[in-house]
There are 2 protein chains.
Amino acid sequence: MKTFNIGELSAQSGVASHAIRFYERENLMPDPARTQSNYRRYPEDAIARLQFIIHAKQWGFTLEEIRELLMLQDANGDRAEAKRIASEQLEKIRHQIQSLSRIEAVLSKTLEECSGEGPMDGCPIVEAIAQER
Amino acid sequence: MKTFNIGELSAQSGVASHAIRFYERENLMPDPARTQSNYRRYPEDAIARLQFIIHAKQWGFTLEEIRELLMLQDANGDRAEAKRIASEQLEKIRHQIQSLSRIEAVLSKTLEECSGEGPMDGCPIVEAIAQER
DNA sequence: ATTGACCTTAAAGTTAACTTTAAGGTTATG
DNA sequence: CATAACCTTAAAGTTAACTTTAAGGTCAAT
């Protein structure tokens, strides 16, 4: 089995060495084996674990939530817990979409109304923001 | 004309006194008049300015962008500039919506596939995150 | 044997947008 | 006149998720 030092793992995973050490301190990555000279030695599956972290981040999970998911995996925990975490994430995402969509509607309408010419005084954009709600 | 000290302005606007001073340092609020005892004295329109800031924040503008908009207003600058700033903001919001919608689709589909029962091993949620793309 | 590219740790810096703390002056009330 | 509730400034702390710096040990190549 191939093993990697931290620089090689960094190159394979696209995660900076310092970030990998940070994940270790934050208990997202397990303490790796060490060489005689105290260098970290990673097994191949460390790449997959880092990619899991990257993807979960892209999905909007916080490191805290990712740590929970990884701990469930490591402990072969309860699937219901993972579902709860992911469901909460889905709810958050849906709220964000709703909120952004409302803003998008008003902002795009406002931009259509603004010619983009003339002085600031009476600018529909400014007036839309200044509007009480 | 009524004037306010910072605590009254805070109560009227819903923005904490310290945040108001912070906005002053950050050039979002103009340096106010002072009493003999060096207390800040605000005119009524300070309330509207703070509300403009609050609303712009709700629309997702950064303080930096809000400062730009306020400077344009204060200088009675060019409406085209305001339109550019708002257009960029609209683009950002649309990208966020797109990105979140993609995540929402995959995540909700994954959640449907996961019974929420049994051990983590083989959990569709974990597998969906671990998936290469 | 020396250079350069790695690796180690611990600690401090980054960003945004504040909040909190510290140490003290002022004003209103009983 | 004392006490509480204001106000002042400057500086440090907060959060997330790292990055950067400092000071030094190790390894591969020339």
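Keep in mind that the numbers below use all heavy atoms, side chains included, and drop hydrogens, waters and symmetry copies. Chain A is the first sequence line, chain B the second, and so forth, proteins listed ahead of strands; every chain is numbered from 1.
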So does [X] get a side-chain nitrogen or oxygen closer than 4.0 Å to the phosphate oxygens (OP1/OP2) of [N]?
X	N	answer
B:Arg40	D:dC7	no
B:Lys57	C:dC18	yes
B:Ser37	C:dG25	no
A:Tyr39	D:dG25	no
A:Arg34	C:dT9	yes
B:Tyr23	C:dC18	yes

Problem - Position toward the 5' end of DNA chain C (nearest nucleotide), A:Glu8 or B:Gln36 - result: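 Looking at the nearest nucleotide for each, A:Glu8 comes out on the 5' side.
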Practice task
Let me know, please, whether A:His18 or B:Thr62 comes out on the 5' side of the other along DNA chain C by nearest nucleotide.
Solution key: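 Result of the comparison: A:His18.
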Handout entry: B:Gly7 or B:Arg25, whichever maps to the more 5' nucleotide of DNA chain D
Key =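 Its nearest nucleotide lies further toward 5', so the answer is B:Gly7.
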Whole angstroms only, please: what is the [atom1]-[atom2] distance between [X] and [N]?
X	N	atom1	atom2	answer
A:Ile66	D:dA17	CD1	C1'	10 Å
A:Phe22	C:dA12	CZ	C1'	14 Å
A:Leu28	D:dC18	CG	P	9 Å
B:Glu26	C:dT15	CD	P	13 Å
B:Arg41	D:dC6	CZ	C1'	12 Å
B:Asp31	D:dT8	CG	C1'	14 Å
B:Met29	C:dA17	CE	P	17 Å
B:Leu50	C:dC18	CG	P	11 Å

Exercise for the section: From the options D:dT8, D:dT19, C:dC7, select the nucleotide whose nearest atom is closest to the side chain of A:Asn5. Expected result: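 Selected nucleotide: C:dC7.
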Exercise for the section: When you get a sec, tell me which of C:dC18, D:dT8, C:dT9 is the closest nucleotide to the side chain of B:Ile6? Expected result: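 Of the candidates, D:dT8 comes closest.
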Practice task
Give the cluster check for A:Phe22 versus A:Tyr39: same hydrophobic cluster or not, with ILVMFWY residues linked at side-chain heavy-atom distances below 4.5 Å.
Solution key: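 Looking at the clustering, A:Tyr39 is in a separate group from A:Phe22.
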Exercise for the section: Answer yes or no: does atom CD of B:Glu88 have more than 12 heavy-atom neighbours from other residues, nucleotides or ligands under 6.0 Å? Expected result: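 More than 12 heavy atoms, drawn from other residues, nucleotides or ligands, come within 6.0 Å of this atom.
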Exercise for the section: Find the distance between CD1 (B:Ile93) and CZ (A:Arg102) and round it off to the nearest 0.5 Å. Expected result: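 If I round to the nearest 0.5 Å, the distance is 12.0 Å.
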Exercise for the section: State the CD1-CG distance between B:Ile85 and B:Leu90, to the nearest 0.5 angstrom. Expected result: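 Spacing of CD1 (B:Ile85) from CG (B:Leu90) equals 14.0 Å.
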Problem - Residues B:Glu81 and B:Arg84 bridged, charged N to O under 4.0 Å - result: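 Here B:Glu81 pairs with B:Arg84 in a salt bridge, since their nearest N and O are under 4.0 Å apart.
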